[in-house]
S.K.: 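Submitted below is the structure of interest, expressed as structure tokens.
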Amino acid sequence: MSLSRRCAETLIDLVEIKLSCLEITDREDLREKELLLRCVQELKAEARGENGATTAFEAPKRRGRRPKHLQLQDFHA
């Protein structure tokens with residue numbers, strides 16, 4: 001995807017405005033916040049001239065419980 005720098009900066013501003021208005025009341029809102037943060041990261045990469053879709057970012061938080069083998073190790077430690 002190719003965006004002009006001006007378009008990317010405008011989109012970053014819009015996403016940051018939405019983030020500032022977002023009230024987190026449940027897990028769905030939290031997922032939306034994480035998606036919007038990812039969007040900002042991709043748009044900033046595009047503004048730097050990188051391909052936002054292939055740029056490496058921090059891994060998303062893992063959902064669900066920890067595997068039992070990790071819980072057992074924690075218990076024995």
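In what follows, every heavy atom counts, from backbone to side chain, and hydrogens, waters and symmetry copies are set aside.
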S.K.: CG/Leu43 to SG/Cys7 distance, rounded to the nearest 0.5 angstrom?
M.R.: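 With rounding to 0.5 Å, CG (Leu43) is 10.5 Å from SG (Cys7).
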S.K.: Rounded to the nearest 0.5 Å, how far does CG of Leu36 lie from NZ of Lys18?
M.R.: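 If we round to the nearest 0.5 Å, Lys18:NZ and Leu36:CG are 6.5 Å apart.
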S.K.: Going through the checks in order, is the salt bridge (charged side-chain N to carboxylate O under 4.0 Å, His left out) test met by Glu28 and Arg31?
M.R.: CA-CA 5 Å; Glu28 187 64 33; Arg31 284 187 209 114; 3.2 Å; yes
S.K.: Which distance, rounded to the nearest 0.5 Å, do you find between the NZ of Lys44 and the CZ of Arg48?
M.R.: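 So the NZ of Lys44 and the CZ of Arg48 are separated by 8.5 Å.
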S.K.: Rounded to the nearest 0.5 Å, how far apart are CG of Leu22 and CG of Leu37?
M.R.: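 Here the interatomic distance stands at 9.5 Å.
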S.K.: Between atom CG of Asp26 and atom CG of Leu30, what is the distance when rounded to the nearest 0.5 Å?
M.R.: 9.0 Å
S.K.: Taking NZ, NE, NH1 and NH2 as the nitrogens, is one of them in Arg5 or Glu9 under 4.0 Å from a carboxylate oxygen of the other?
M.R.: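 The answer is yes: the pair qualifies as a salt bridge.
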S.K.: Please walk me through it: do Arg38 and Glu34 pass salt bridge (charged side-chain N to carboxylate O under 4.0 Å, His left out)?
M.R.: CA-CA 6 Å; Arg38 170 69 188 215; Glu34 290 174 355; over 6 Å; no
S.K.: Answer with yes or no whether the hydrophobic clustering places Leu19 together with Ile12; edges join I, L, V, M, F, W, Y residues whose side-chain heavy atoms lie under 4.5 Å apart.
M.R.: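 Shared cluster, yes.
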S.K.: Please report the interatomic distance SG(Cys39) to CD(Glu32), rounded to the nearest 0.5 Å.
M.R.: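 These two atoms lie 10.0 Å from each other.
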